[in-house]
Amino acid sequence: MTHYWLLKSEPSCFSIDDLARRPKQTTFWDGVRNYQARNLLRDTIKIGDKAFFYHSNATPPGIIGIVDIVSNGTPDKSALNPEDEHYDPTATPDNPRWYGVDVRLEKKFSRLISLDELKLHPGLAEMQVTRRGNRLSVTPVTRNEWQRILAIIDRDAH
DNA sequence: GCCAACGTTGGC
DNA sequence: GCCAACGTTGGC
């Protein structure tokens, strides 16, 4: 069964357009350094799931598209690379500590659905990403929330 | 195991 | 750039 997620990225670091330029519009979602998010990436998110691509620390922040999850969780090798900005000296090949998944761009929305809009929408205001103080970069999205957002985009297209 | 200090996230 | 929220670290 397909599950739905929201993945945050700062567009100044990695944007949906950056993903669109990658070979096969696919990349390894690396650099997550929070245990709760790590557990989701390692254990819970599976091939065939889908996720919203969320631009955080943007003006405005919001949901900008959809990615398909195209691998199960695998060790995040960026933690092992001293040259990488996400290097973690406590990670080892035997105990990789951090995980990620491969994602492929499914769709960039015709417009960004801003955080403000989510908060104002009765069916979306309870999304985890709208909660004050929420810092988790990987959060679950309910089937209803997923379909409501698709309906907004679909409506705009007509 | 507590908790103060510190670092990071991310909206504004 | 500010700062509230929250996660992590480390002394005790």
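Quick note on labels: first sequence line is chain A, next is B, and so on, each numbered from 1.
- Checking the phosphate oxygens (OP1, OP2) of B:dT9, no side-chain nitrogen or oxygen of A:K8 falls inside 4.0 Å.
- When all heavy atoms of A:A20 and A:Q25 are compared, the pair lying nearest together is O-NE2, 3.3 Å.
- Ring planes of A:H3 and A:W5: tilted class, angle from 30 to 60°.
- For the pair A:R33 CZ and C:dT8 P, the computed distance is 13 Å after rounding to whole Å.
- Note: CG (A:N134) to C1' (B:dC12) measures 16 Å, nearest angstrom.
- A straight line from CZ of A:R135 to P of C:dA5 spans 12 Å, rounded to a whole angstrom.
- The nearest whole Å value for the distance from the CG atom in A:D116 to the C1' atom in B:dC12 is 10 Å.
- For A:Y54 and B:dT9, the shortest distance from a side-chain N or O to OP1 or OP2 is not below 4.0 Å.
- In this structure, A:N39 places its CG atom 14 Å from C1' of C:dG7, rounding to the nearest Å.
- Side-chain atoms of A:F109 and A:I16, non-hydrogen and from C-beta on, never get closer than 4.5 Å to each other.
- When rounded to the nearest whole Å, the span between CG of A:L136 and P of C:dT8 equals 10 Å.
- Here the CG-CD1 distance, from A:D154 to A:I149, works out to 13.5 Å after rounding to the nearest 0.5 Å.
- In this structure, of C:dA4, C:dT8, B:dG11, it is B:dG11 that holds the atom nearest to the side chain of A:N57.
- Using modelled atom types, one side-chain atom of A:S9 and one backbone atom of A:F14 make a donor-acceptor pair closer than 3.5 Å.
- Nearest nucleotide to the A:N34 side chain, out of B:dG11, C:dG7, C:dA5: C:dG7.
- A close approach under 4.0 Å does occur between a side-chain nitrogen or oxygen of A:K119 and OP1 or OP2 of B:dC12.
- Per the geometry, CD1 belonging to A:I63 stands 12 Å off P belonging to B:dG11, to the nearest Å.
- If you measure from atom CD of A:Q128 to atom C1' of C:dA5, you get 15 Å, rounded to the nearest angstrom.
- The 5' end of DNA chain C is approached more closely, in terms of each residue's nearest nucleotide, by A:R132 than by the other of A:Y35 and A:R132.
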